[in-house]
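Okay, structure first, notes after.
Chain letters run A, B, ... following the sequence lines, proteins first and then strands; every chain starts at 1.
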Amino acid sequence: MGNLSRMPDSLREAVGSLLLAMADEEVLIGHRDSEWVGHAPILEADIAIASIAQDEIGHAILWYSLLQELGWPDPDRMAYFRNPQEFRNATLVELPRGDWAFTVVRQFLFDFAEKVRLEALMSSAWAPLAEAATKVRREETYHLMHSRAWIARLGDATEESHQRMQAALDLAWPHALGLFESAPGEALRVAEGIQPSEAELRARWEAEVRPILEAASLVIPQAEPIYGGRTGRHTEHLTSLLADFQLVARSGLGETW
Amino acid sequence: MVNDSREKGRLTRETILAALETVKDPEIPTVSIVDLGLIYDVRVKDEEVEVDFAPTFVGCPALHAMEQAIVERIQSLGARSVQVRRVYRPPWTADRMNERARQALRELGIAPPRPVPAEITLAVFEKLPCPFCGSNDTRMENLFGPTSCRALFYCNTCQQPFEAFKPL
């Protein structure tokens with residue numbers, strides 16, 4: 001299925017709602033990562049997080065471009081001219097960057113969620129999505145190596161590093177479960193072979209992240225998922241993030257560079 | 001030069017590919033986009049040209065500059081319109097670089113990638129030959145570098161830091 005003109009409107013809406021969640025998550029985690037530029041604990045970490053931020057924002061542009069093919073506005077308009085309640089990201093990616101432990105725990109949970117989602121979408125029935133997922137999955141290999149290494153390094157290195165990592169995981173975990181909140185149109189997407197169910201993706205994700213966290217002496221909290229992002233209910237942090245992120249574009253100064 | 005090349009019949013797939021040899025990746029200014037394997041196809045019909053262009057990394061900030069340079073170079077051959085399409089199938093891999101690109105990378109102090117395995121692991125970075133002295137006694141210092149496509153290394157033999165193009 002690559003032909004847009006033959007895609008019924010209901011399916012176009014359903015595919016768009018998946019792409020919107022993916023694009024919004026990439027652009028926001030990319031922005032949070034970029035806040036570390038010049039502040040990371042060591043120079044190598046600074047270079048790495050800047051490069052990861054650039055990759056994630058690049059992936060966001062790719063998902064927004066697919067949305068544009070489906071009839072949504074262009075990527076800049078989507079990123080810079082929507083209000084918080086119009087964003088469809090899980091709340092995980094809007095939380096403040098916190099300390100380095102929180103940054104690497106969040107990135108780890110997010111990278112592996114992307115991994116299982118992309119691997120599933122590589123065989124999506126909508127060919128443009130399958131092709132893009134195949135491309136992005138290859139790039140994510142380096143993010144996965146990076147975040148995995150930080151979990152192993154800090155999980156049980158010192159008393160302080162362990163405490164900070166455990167606190168980060170306690171905060172991030174219920175928000176990370178929100179990455180698998182059902183986005184509108186899921187049943188139709190599953191029926192049409194666009195994606196497997198979110199419950200299935202979550203199960204695959206837990207099977208990957210639990211052993212890595214446990215091997216680093218971290219305890220996975222018993223917590224209910226924090227949902228709401230997929231219907232535009234966000235934490236107060238998204239408002240301040242967007243005020244910063246969208247300031248230049250909305251000031252009218254950014255028309256030409 | 002521009003006028004000389006505006007003759008009918010010169011706008012073919014072959015003349016365009018030859019002309020694109022002068023278009024470089026601005027972050028690797030000695031290597032052409034053709035030698036990097038970024039041009040998947042060129043189609044010409046009635047002075048209208050379509051180019052299939054594959055990004056190395058999707059977030060590469062040099063993509064727009066390269067696409068603009070492709071358009072300008074082909075327009076200088078007399079094309080009426082030039083469309084550059086970004087393509088992802090099959091995904092670009094470092095195996096598409098030719099030997100000329102690899103040699104040019106070494107001369108810049110960037111180790112070219114080894115053949116890309118089906119699954120990329122840290123093993124691809126072990127004993128990577130130093131582009132300056134050729135020693136295998138090297139170590140990876142950082143998976144990330146000054147651009148998305150490069151990682152940072154150190155040579156224990158000649159004691160020089162160097163970069164390597166990431167396998168993808």
Side-chain angles (χ1 to χ4, degrees), chain A residues 2 23 26-27 29-30 33-34 36-37 40 42-66 69 75 107 115 118-119 121-122 127-150 152 257, chain B residues 27 37-38 40 52-68 84-96 113-114 116-126 139-154 161 163-168:
Chain A
E26 300 257 31
V27 80
I29 200 163
D33 286 341
S34 78
W36 279 103
V37 174
I42 52 174
L43 185 57
E44 278 75 12
D46 206 300
I47 293 168
I49 201 78
S51 195
I52 290 168
Q54 189 179 63
D55 284 341
E56 305 292 32
I57 292 169
H59 298 162
I61 295 171
L62 176 52
W63 307 129
Y64 284 132
S65 301
L66 287 179
E69 287 181 30
Q107 192 69 36
K115 175 182 188 289
L118 292 169
E119 287 174 356
L121 295 178
M122 283 164 65
L129 179 56
E131 289 171 19
T134 304
K135 173 64 183 159
V136 173
R137 172 63 188 87
R138 290 175 80 89
E139 297 188 8
E140 285 292 328
T141 301
Y142 291 101
H143 297 193
L144 294 164
M145 287 179 185
H146 172 264
S147 54
R148 219 186 149 127
W150 276 108
W257 290 85
Chain B
E27 289 174 337
L38 305 183
Y40 277 20
D52 287 351
F53 171 73
T56 52
F57 280 75
V58 170
C60 173
L63 292 179
H64 288 289
M66 285 189 273
E67 287 166 350
Q68 188 59 32
V84 181
R85 292 176 55 232
R86 279 190 201 176
V87 292
Y88 301 105
R89 189 179 69 177
W92 181 86
T93 102
D95 290 342
R96 288 180 171 266
R114 292 194 171 115
V116 183
E119 190 181 350
I120 296 167
T121 65
L122 288 171
V124 298
F125 296 123
E126 281 167 19
R139 62 173 191 267
M140 198 256 291
E141 296 271 278
N142 197 341
L143 272 175
F144 299 89
T147 71
S148 324
C149 56
R150 279 132 81 177
L152 300 179
F153 285 69
Y154 188 78
E163 295 173 16
F165 205 102
K166 283 182 199 168
L168 188 69

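- Summarising the local packing, CZ of R89(B) is surrounded by 12 or fewer heavy atoms from other residues, nucleotides or ligands at distances under 6.0 Å.
- A pairwise comparison of heavy atoms in E44(A) and E141(B) identifies CG-O, 4.0 Å as the closest pair.
- Atoms NE2 and CG, from H146(A) and N142(B) in turn, are 7.5 Å apart once rounded to the nearest 0.5 Å.
- If you tally non-hydrogen atom pairs under 4.5 Å between each of H59(A), E56(A), E139(A), M145(A) and chain B, the highest count goes to E139(A).
- Summarising the geometry, atom CD1 belonging to I47(A) is positioned 12.0 Å from atom CG belonging to L143(B); distances are rounded to the nearest 0.5 Å.
- Looking at V116(B) and R138(A), their side chains come closer than 4.5 Å, going by heavy atoms from C-beta outward.
- When L144(A), I52(A), I57(A), T134(A) are compared by the number of non-hydrogen pairs under 4.5 Å with chain B, I52(A) comes out ahead.
- Scanning both residues, Q54(A) and P61(B), for their nearest heavy atoms gives NE2-CG, 3.4 Å.
- Judged purely by atom type and a 3.5 angstrom limit, K135(A) has no side-chain atom pairing as donor or acceptor with the backbone of P90(B).
- Heavy atoms of L63(B) lying under 4.5 Å from chain A are absent altogether.
- Considering only residues two or more places apart in sequence or on other chains, E67(B) meets the salt bridge (Lys or Arg N to Asp or Glu O under 4.0 Å) condition with R86(B).
- Across every non-hydrogen atom of S148(B) and S51(A), the tightest pair is CA-OG, 4.1 Å.
- Evaluation of the side chain to side chain contact (heavy atoms under 4.5 Å, CB included) rule for A45(A) yields A40(A), P41(A), I42(A), W100(A), W150(A) as partners, not counting sequence neighbours.
- Y142(A) and F57(B) have tilted rings, their planes meeting at an angle from 30° to 60° on a 0 to 90° scale.
- The number of heavy-atom neighbours closer than 6.0 Å to CZ of R148(A), taken from other residues, nucleotides and ligands shown, is 12 or below.
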